[in-house]
**Student:** 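Here it is, the structure in full.
On a predicted model such as this, the values are computed, not experimentally measured, just so you know. Each chain gets a letter, A, B and so on, in the order the sequences are listed, and its residues count up from 1.
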Number of protein chains: 2
Amino acid sequence: MHSPVLFLIALVIFTLPGAHGGKVLVFPLDGSHWVNMRVLIEEIHLRGHSVSVVRASDSWYIKEMSPYYTSITIDATGGQHKEFVSLLVSRLLRIQREGASVWTRYSIDMELKDGFSQIHKNICEMVIQMFEDQRLMQSLRNAKYDLVLADPGAGGGAVLAHYLGLPLIFNARWTLHGEAHMAIAPSPPSYVPYPVAELTDNMNFPHRVRNMFFYILRPLLYKSTVSSHYTALCQRYFGPEVDYFQLFQAADIWLMRVDFVFEFPRPTMPNVVYMGGFQCKPAKPLPEDLEEFVQSSGEHGIIIMSLGTLFSELPHDLADEIAAAFAQLSQKVIWRHAGDKPATLGNNTRLVTWMPQNDLLGHPKIRAFVAHGGTNGVYEAIYHGVPIVGLPLIFDQPDNLNRMTVKGAAKIVDIVTLDRNIFLQALQEVIYEPSYRLNMQRLSRLHRDQPMKPLDRALFWIEFVMRHKGAAHLRTESYKMPWYVYHSVDVIGVLLAAMLFILLMILFVIRYLCCRVWVCCKRKVKHE
Amino acid sequence: MHSPVLFLIALVIFTLPGAHGGKVLVFPLDGSHWVNMRVLIEEIHLRGHSVSVVRASDSWYIKEMSPYYTSITIDATGGQHKEFVSLLVSRLLRIQREGASVWTRYSIDMELKDGFSQIHKNICEMVIQMFEDQRLMQSLRNAKYDLVLADPGAGGGAVLAHYLGLPLIFNARWTLHGEAHMAIAPSPPSYVPYPVAELTDNMNFPHRVRNMFFYILRPLLYKSTVSSHYTALCQRYFGPEVDYFQLFQAADIWLMRVDFVFEFPRPTMPNVVYMGGFQCKPAKPLPEDLEEFVQSSGEHGIIIMSLGTLFSELPHDLADEIAAAFAQLSQKVIWRHAGDKPATLGNNTRLVTWMPQNDLLGHPKIRAFVAHGGTNGVYEAIYHGVPIVGLPLIFDQPDNLNRMTVKGAAKIVDIVTLDRNIFLQALQEVIYEPSYRLNMQRLSRLHRDQPMKPLDRALFWIEFVMRHKGAAHLRTESYKMPWYVYHSVDVIGVLLAAMLFILLMILFVIRYLCCRVWVCCKRKVKHE
């Protein structure tokens, strides 16, 4: 009598999507990148796999206890310090608004560079501590993981995967060497704008010169900032013949946190899986008091503002200008704001320290999103079709918002020169000029019209790597070539040399024949 | 009372996959390519769209009457003549077996080239006839097609789509300019073997030199064979500023009849959709008498042989050798053979003029597939995991089989030097050496493990283009650039010139300063 019940239970267990009981070892990057990784980890867990996460004991984002993963806590200084980046960003903003000299700007850039160098040094030290802990490494080997899932914003995951001989999957947008495509796909500088260059795929000559400078100079910057630490790490454990950049390029699958609604069309590789917007989901109902506030906006609707996790606090004068502009709107405003209450705050504006951003973006009353332009926020706006007023400051934010601007779905305001009039004008333009909303809704339709949801696609390929122990048939091995072989410099050189040789031979023969004819003629003349 | 029933009916109608009632205009390529196109057309029809097919009145493959499409028959000489190609192939084979001189070989090549040139001339004349028929063109405009689906093996579809201002989808493996990737994706010659060069993605120096020759010379061949006809056609109707190669590159979606189980990993583009094996499906039961014959093979199993549609008849001596080898096998053999019965035919071999190839390849008793190496047959073998004994002769066949050989799933026999012993040895190796079967089964597992069936993926993107009137966000516009802009020659030139100028200026200043110092010193010495 019990057997059909047992059979049914077994059936349910074995047909659960992905109940294959795989084991995933995650080497994340601390900070805002963790927000993305956590989405993947939760889904991997939900599909019946087990997840272990390597974290530093002082991590401020990656919690030790979680229902979704078990932690492997290394007693080390973590990869990233909230204080360092967020304080620097606030300082940068303040200095720029006060009119920074080139020298001040440069010194902050240097500080940022040194800070990042220190972060990667810390990550390398954490990896060394792992490798030196024989018991830990043996337990990792014994655990028989199926794969390493890593954020290529740090090099630790690639090194760990190589050490353990495991397949490697990247949850990628940026690597140690710039935007992720740059590490593996051909990128013709004529129509692939260097990410962060704030260009498009349709460039005039000066644009293309600017783009070329980015292609030449940026890799040098990345190289000087972080390479040395990982090079030393690889040399220590794998010998001089293993190049740490090659460990990167050897990843089986690149889960790319973009798609071509956001990215300009460009060459890609078979092992790149686009999952832009994988974290997006339909809006849930709002908490009662928030819903009440939203409904009180009537036909005017609401605006939300959030500048992400980096901006801990805005300069007072800036907050006052923003609040004053908001106060003049007919819309209600929900503003994620951490500092003191601005003096100019209007009755229509509610300050919050946290908000259900996705649920608000999906609310029918939303009219615009004031955002800093991090990829996550931009994708949530695309998913829900909400036009953006952009206040970018650093990293990829200006470039991300530039992409939305050229598609007619966002307007950028320079946060450095922002005052209430400029900001109000931008807000009103985005709210009342229908093209912004229509363009963003078109992007939303394109983004949602895919054969498979981005998160499902990502999970399919993670489970694919589990099933087949990698994805070698999708991955080119061309990264193993020396640069002169990759670019066919040797072949072209030899062919040109051969052509030159043949040409010279022909010339030589012609000259020889001419001489002979000349001599013959002369003789003939003499004989006559 | 009726309303729930009506609702249910409406629900069924509107949720049928693709019952959007789209309209597709097809410009196919006659001959074996039509076999592929028909599979797509049938599926498009099954999803509730209507299909019109442009065909020449003398087409030998594309029937006028079909339940799946309506014909637009043009009173013209069609694109391809069965007789021309198949007679040439038979002649080529006979001549080669008799020991052809270089001159004979060359003259056949020239004949083939002239034949293809004539085919494309015919296609262009057919298009001109369409364009000149104002009533026909008006009716095509009135029909309000959603898109043109074409085989880029001919240029007619791209020209027609441009004329009608419709989105364009290619069902592609070869174009007028060689393998389809070559027209749109970056292809570094260092690791992308030129298709037909019979190379792999792992090349030594001589291989790479050979590959480079293909990259340089092949496009010249294609250009000289067919370009002139289409260039003239474009100039006549669109003026000199429209380049027919650009019409090609402007296609919205490329449904590529390969995937990376077959193709070596290489750069690709966002608007390339891989549908290799889209025609494959599970085996159906065999007709009773055939099943009986197959079962009579016992534990030894069966072998099937088919050389596709091109080989109308094998030379007698060759057929005798093949039959003699088959006769020595323990397996039963089913051989699709059109000529006279070979004298050496064994009892174990059954000659047929047609066979249910897919059902036989999917039969549990199948042991090996003797094939010419056309893409369709190779994909059916991959799908069912059946190792191949390859007898390639022309076009992409040697290259296709080379790909299977380096993956350990096929063995190639040179059909020119084939005798019973060589052939028997190859057959026995593929049947009894388990690696062939295991490798092909591994490829089969990889090929089948996709998020979506290839045919469903193709249909998704066809319907996507219907819904969004193109796929502009997936298509680079870089093809509109002149070559020197695409390759950044202008930017690099200017930067080098600028560097040279700066260097010269520095040298000039140094020289000037040195002179001054020299003069000063001399004066000082004089004064002293």
**Student:** Just checking A:Tyr486: does its OH atom have more than 12 heavy atoms from other residues, nucleotides or ligands closer to it than 6.0 angstrom?
**Tutor:** yes
**Student:** Using heavy-atom distances under 4.5 Å, tell me whether A:Arg475 contacts chain B through its side chain, its backbone, both, or neither.
**Tutor:** backbone
**Student:** Pick from B:Pro189, B:Pro265, B:Ser478: which one has the most heavy-atom pairs with chain A under 4.5 Å?
**Tutor:** B:Pro265
**Student:** Using non-hydrogen atoms only, which part of A:Pro267 is less than 4.5 Å away from chain B: side chain, backbone, both, or neither?
**Tutor:** both
**Student:** If you tally heavy-atom pairs under 4.5 Å against chain A, which of B:Thr268, B:Asp456, B:Asn202 wins?
**Tutor:** B:Thr268
**Student:** Are B:Leu443 and A:His473 close enough, and set up right, to give a side-chain contact (heavy atoms from CB on, under 4.5 Å), and what steps lead you there?
**Tutor:** CA-CA 9 Å; B:Leu443 294 181; A:His473 71 301; over 6 Å; no
**Student:** Name the option with the most non-hydrogen atom pairs under 4.5 Å to chain B; the candidates are A:Met452, A:Arg266, A:Glu477.
**Tutor:** A:Arg266
**Student:** Within a strict 4.5 Å, meaning less than it, do heavy atoms of the B:Phe464 and A:Pro451 side chains meet?
**Tutor:** no
**Student:** Is the shortest side-chain heavy-atom distance between B:Ser488 and A:Met212 below 4.5 Å?
**Tutor:** yes
**Student:** Side-chain contact, heavy-atom cut-off 4.5 Å: B:Met481 with A:Ser190?
**Tutor:** yes
**Student:** Against chain B, label A:His468 side chain, backbone, both or neither, depending on which of its atoms sit under 4.5 Å from a heavy atom there.
**Tutor:** side chain
**Student:** Given a strict heavy-atom distance threshold of 4.5 Å, which part of A:Phe213 is in contact with chain B: side chain, backbone, both, or neither?
**Tutor:** side chain
**Student:** So does B:Lys453 have more than 12 non-hydrogen atoms from other groups sitting under 6.0 Å from NZ?
**Tutor:** no
**Student:** Side chain, backbone, both or neither: which part of A:Phe460 has a non-hydrogen atom closer than 4.5 Å to chain B?
**Tutor:** side chain
**Student:** Please test A:Val494 against B:Phe205 for side-chain contact (heavy atoms from CB on, under 4.5 Å), starting from the C-alpha separation and ending with a verdict.
**Tutor:** CA-CA 10 Å; A:Val494 165; B:Phe205 185 78; 3.5 Å; yes
**Student:** Tell me, for A:Leu495 versus chain B, whether the close heavy atoms (under 4.5 Å) come from the side chain, the backbone, both or neither.
**Tutor:** side chain
**Student:** Among A:Gln450, A:Lys407, A:His487, which residue has the highest count of heavy-atom pairs closer than 4.5 Å to chain B?
**Tutor:** A:Gln450
**Student:** If you count heavy-atom pairs under 4.5 Å between each of B:Asp490, B:Leu474, B:Ile492, B:Val261 and chain A, which one has the most?
**Tutor:** B:Asp490
**Student:** Given a strict heavy-atom distance threshold of 4.5 Å, which part of A:Arg457 is in contact with chain B: side chain, backbone, both, or neither?
**Tutor:** neither
**Student:** Go through the steps to decide whether A:Asp201 and B:Thr476 satisfy the test side-chain contact (heavy atoms from CB on, under 4.5 Å), and finish with yes or no.
**Tutor:** CA-CA 8 Å; A:Asp201 60 342; B:Thr476 167; 5.8 Å; no
**Student:** In terms of heavy-atom proximity below 4.5 Å to chain B, should A:Met269 be classed as side chain, backbone, both, or neither?
**Tutor:** both
**Student:** B:Asp449, B:Asn211, B:Val209: which one forms the most heavy-atom pairs within less than 4.5 Å of chain A?
**Tutor:** B:Asp449
